[in-house]
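Encoded as C-alpha cells, the structure appears first; notes follow it.
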Protein chains: 2
Amino acid sequence: MASAPPAALRQLRSIRRTAAQERILAAALDLFADHGVSGTSLQMIADAVGVSKAAVYHQYNAKSDIVLAVAETELAKLEEALEAAESEASETRARGLMLGRVIDMAVARRRWVGALQNDPVMVRLLAEHPPLQLLMERVYGLLIGDASDAEARVAAAMMAATIGAAVVHPLVADLDDDTLRQELLRIARRIFDA
Amino acid sequence: MASAPPAALRQLRSIRRTAAQERILAAALDLFADHGVSGTSLQMIADAVGVSKAAVYHQYNAKSDIVLAVAETELAKLEEALEAAESEASETRARGLMLGRVIDMAVARRRWVGALQNDPVMVRLLAEHPPLQLLMERVYGLLIGDASDAEARVAAAMMAATIGAAVVHPLVADLDDDTLRQELLRIARRIFDA
DNA sequence: GTCTATATGAAGATAGAC
DNA sequence: GTCTATCTTCATATAGAC
C-alpha cells in the first residue's frame, strides 16, 4: 500500500461540501468571472442560486468565506496536477508534465481563469492565506527549479501569465478547446526550450 | 507642413484636463490597481486626493466617467505607439516597432497595467466604448496582419496577454525595469519569429 | 435548509453655501 | 474649486420563525 501523503499536501482536495454549498460556489464563480469579486454582491449570488440572502449566509458566515472556498475549490485542481508532476523522476519530465496539465486545466476552465488569476481580492487572498501561498510556492519552485536567475524567473512568470491570460483573451474566444490547447502548448514550449 | 491626422486618429491624445482632474485620475488609477474598479469607492478617491466626495463629483458627474477618463488617459499612450508603428513601410518593421514600444510602456507602467488589462469593468468598457474598441482593433490588426488563422491569433493573444500579465507577476516584482524589458523582448520575439 | 424582516453602514449622487 | 449636509439605494450581516 502506498503511504498517505502528509496532511499539508492534501488539504485542499480533502475539503467536503454539501450540495447547497456547491450550488453557491458554482454561482459565485460564474459571477466573479463576469463582475469580479468586489462587483459581486451576496444578493446576486442568492438570486443566481434561486434562494434568499439569508439562506446563503446560513452556509457561509461572510462573503470572504465564499471567496476563500471558491479559491480552494479551483486550486485543488492545481494541487492534483502538482502532485502528479512532483512524483516524476526527472525535473525536465516534471516540468513538461506540469505544463501540459496546467494548459489542459486552463483551457477547460478558461471562462473562470481570469477571476482567480487577476482579481485583486483573489490576488490578496493568495498572498495572505498560508495554505494557498504554500501551494503557489510549490508550483513556481517546480517551474524554475534551482535556477532562480532573472531569465528563468521571467520565463516562468511569462509562462504562467501567458497561459492564464491568453485563454481569456477576446482574440481566441471563438477557438475550440483542442485548437487552443495545441497552439498554447506549442508556444509555451518555445518559451522554455529555446 | 504635414497634414493633420484624421479626427478619429487623435481623439484620445487631444483630450485636455485641468490640474484637479489630473489629481483625481492619478489617485483613481492607483486605487484601481490595488483594489479593482468595483473595489474602489468615490470616498477612497476623495480621501487619496485629500478633498471631499462632492469636490470629486464637481469634476466628474459619475464614477463611470472617471473610469472612462482613466482608460482614455492610459490608452492614449498606446495610440501614440500605434501611430508610430503604422507609419512604417514594411509590416515586419511595424510589428517589431510596436512590440518594443508596447513592452517599454508595459514595463514602465507595470504597477498599473493589471488594472486596465484585467479588470472586468475595464474589459466591458473597452468592448462597448466605440473609440476604445476601434483602437484595440487597430492594435490587433497590426499584430496579426492579413493572417487571421488560429496560429497567428493565438500567438497574438499570447503576446499581448504575456506582456500584460508578466509585468504584474509577483515572480518579477523585484526585477529592475531594464532587466525585465530585455528578457521580455527576447521571449516575445521567440513567440513570433520561430 | 429556507424564509421574512430588520439593523447598520457605506455606496453613489445632489443641493446649496462659501 | 471646495465644503457640509442630505437623499436614496444597496451592501453586509443578524434574528427568529417554519
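Letters A, B, ... mirror the listed sequences (proteins, then strands); counts begin at 1.
- Partners of B:Arg110 under the side chain to side chain donor-acceptor pair (under 3.5 Å) rule, at least two apart in sequence or in another chain, are B:Asp177.
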Fill in the blank from the handout: Reading nucleotides 12-18 of chain D from 5' to 3' and marking B where a protein heavy atom lies under 4.0 Å of the base, S where only the sugar-phosphate is that close, and - otherwise, the string is BBBB---

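- A:Met105 and A:Leu185 fall within a single hydrophobic cluster, where Ile, Leu, Val, Met, Phe, Trp and Tyr side chains are chained together by heavy-atom contacts under 4.5 Å.
- Qualifying side chain to side chain contact (heavy atoms under 4.5 Å, CB included) partners for A:Val121, counting only residues two or more places apart in sequence or in other chains: A:Val37, A:Ser38, A:Val67, A:Asp119.
- Applying the ring pair (Phe, Tyr, Trp, His ring centres under 6.0 Å) test to residues at least two apart or on different chains, the pairs with a partner in residues 87-140 of chain A are A:Tyr140-B:His169.
- With rounding to whole Å, B:Tyr60 atom OH is found 13 Å from D:dT2 atom P.
- Rounded to a whole Å, the CD1 atom of B:Ile45 is 12 Å from the C1' atom of C:dA11.
- A 4.5 Å side-chain heavy-atom check between A:Gln182 and B:Val154 finds every atom pair outside the cut-off.
- Residues from residues 28-38 of chain B lying near DNA chain D, meaning a heavy-atom separation below 4.0 Å, are absent.
- Rounded to an integer number of Å, the gap from NE2 of B:His58 to C1' of C:dG12 is 18 Å.
- In this structure B:Arg111 satisfies the salt bridge (Lys or Arg N to Asp or Glu O under 4.0 Å) test together with B:Asp30, B:Asp34, sequence neighbours excluded.
- Between B:Asp178 and B:Arg181 there is a salt bridge, with a side-chain nitrogen of the basic residue lying less than 4.0 Å from a carboxylate oxygen of the acidic one.
- Between B:Asp47 atom CG and D:dC3 atom P the separation is 11 Å, expressed in whole Å.
- For C:dT4, the OP1/OP2 oxygens have no side-chain nitrogen or oxygen of A:Ser52 closer than 4.0 Å.
- A:Arg153 places a side-chain N or O within 3.5 Å of a backbone atom of B:Leu171 that can act as its donor or acceptor partner.
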